[in-house]
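Indexing begins at 1, ligand by ligand and atom by atom, following the structure's order.
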Amino acid sequence: MTDEPVLISTDDSGVRTFTLNRPGALNSLTTAMKVLIRDGLHAAAADTDVRAVVVRGTGRGFCAGQDIDEMLDVRQAGGLSNTVEEHYNPIVRAIVDMPKPVIAGINGTAAGAGLSIALACDVRISAASAKFTTAFAGIGLSCDTGISWTLPRLIGRAAALDLLLRPRPIGADRALELGLVNDVVSDDEFDDALAELAAGLAAGPTLALASIKRAVNHAQTSTLDDALEFEKAKMDFTGATEDHRTAIEAFVDKTKPTFAGR
Ligand code: T3D
């Protein structure tokens, strides 16, 4: 295994995978890693050959959030960290605005901004041994990387505040019960299940999936009337795509459509 802190690869089905690779520190995020993730996500958004994105970790961590050693170095040098503005916020924006599905493959511990990044993704699949903790208040910090927006929407305000005000590790089964993750699979099955999920989404009608994602995100902060208008525009757009035409022809022919993502 290389010692690059973030491994970025693309497979034949158009799945681009970001593998956080600092397993000795549970893949906690250094500046170099945050820049690679932020810039890599922007590149994935612009690349039409990429049809789904996966974020995962190596070892027993998904991501333990900000690298605390680096945070201390900045503070001890008398500096103020501007990483929220420069890195974390753009990473969340890039995931939420990504015009294709983004999957968090939660292979292990997700803490602090690592959990926030997982929650910003569209689909979360977890290994049975993974642990989840908000962590922020444990080191005397408020919360960031979008978790104040995503967590209450996923699990409700009361449960979100409980996890944020009393940070402690919870297991994957509890995370599933709460609605923090979509699926939990055994550690042995995790890599295959993640690959199957990502390949399935990458083989989908990419423009329709992007439109559905945008419509759902738009509706989080809109009125019903706005949502109906937005949906209509997206239906008009996807109704003119090649993938829609292909799917209608396949339906009539009683075959399975192969989506080109156009
Ligand atoms: O301005 C700004 O910078 C603000 C940005 C903030 C964003 C944030 O993410 S704040 C939250 C930061 N993260 C944390 O506070 C989590 C800290 N980690 C933990 O609480 C625990 O490690 C876990 C509960 C996540 C897991 O516990 P456990 O017992 O499974 O593992 P461990 O033994 O604590 O950790 C294993 C190693 O990873 C250990 O190193 P060692 O002793 O084996 O050499 C540990 O120090 C290291 N590690 C874990 N998390 C971090 C870390 N090293 C640096 N930074 C970390 N965040």
Working note: Met33 + Leu20, criterion side chain to side chain contact (heavy atoms under 4.5 Å, CB included); need CA distance, chi angles, decisive distance, verdict. CA-CA 8 Å; Met33 292 168 78; Leu20 312 187; 4.1 Å; yes

Using a 3.5 Å cut-off and no angle test, enumerate the donor-acceptor pairs between side-chain atoms of residues 254-262 and protein atoms at least two apart in sequence or in another chain.
residue: Arg262; atom: NE; partner: Glu242; partner atom: OE1; Å: 3.1
residue: Arg262; atom: NH2; partner: Glu242; partner atom: OE2; Å: 3.2

For residues 172-180, run the donor-acceptor check on the side chains, cut-off 3.5 Å, and write out each pair with its distance to 0.1 Å, sequence neighbours left out.
residue: Arg174; atom: NH1; partner: Glu177; partner atom: OE1; Å: 2.7

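Contact detail for Ala44 and Val50: the closest heavy-atom pair is O-CB, 3.9 Å. The shortest non-hydrogen separation linking Leu197 to Ile125 is CD2-CG2, 4.0 Å.
Pairs passing the ring-ring contact (aromatic ring centres under 6.0 Å, His included) check and including a residue from residues 183-233, sequence neighbours excluded, read His218-Phe230.
Residues with a heavy atom under 4.0 Å from ligand 1: Gly24, Ala25, Leu26, Ser28, Arg60, Ala64, Gly65, Gln66, Asp67, Ile68, Met71, Arg75, Ser81, Thr83, Tyr88, Thr109, Ala111, Gly112, Ala113, Ala135, Phe136, Ile139, Asp144.
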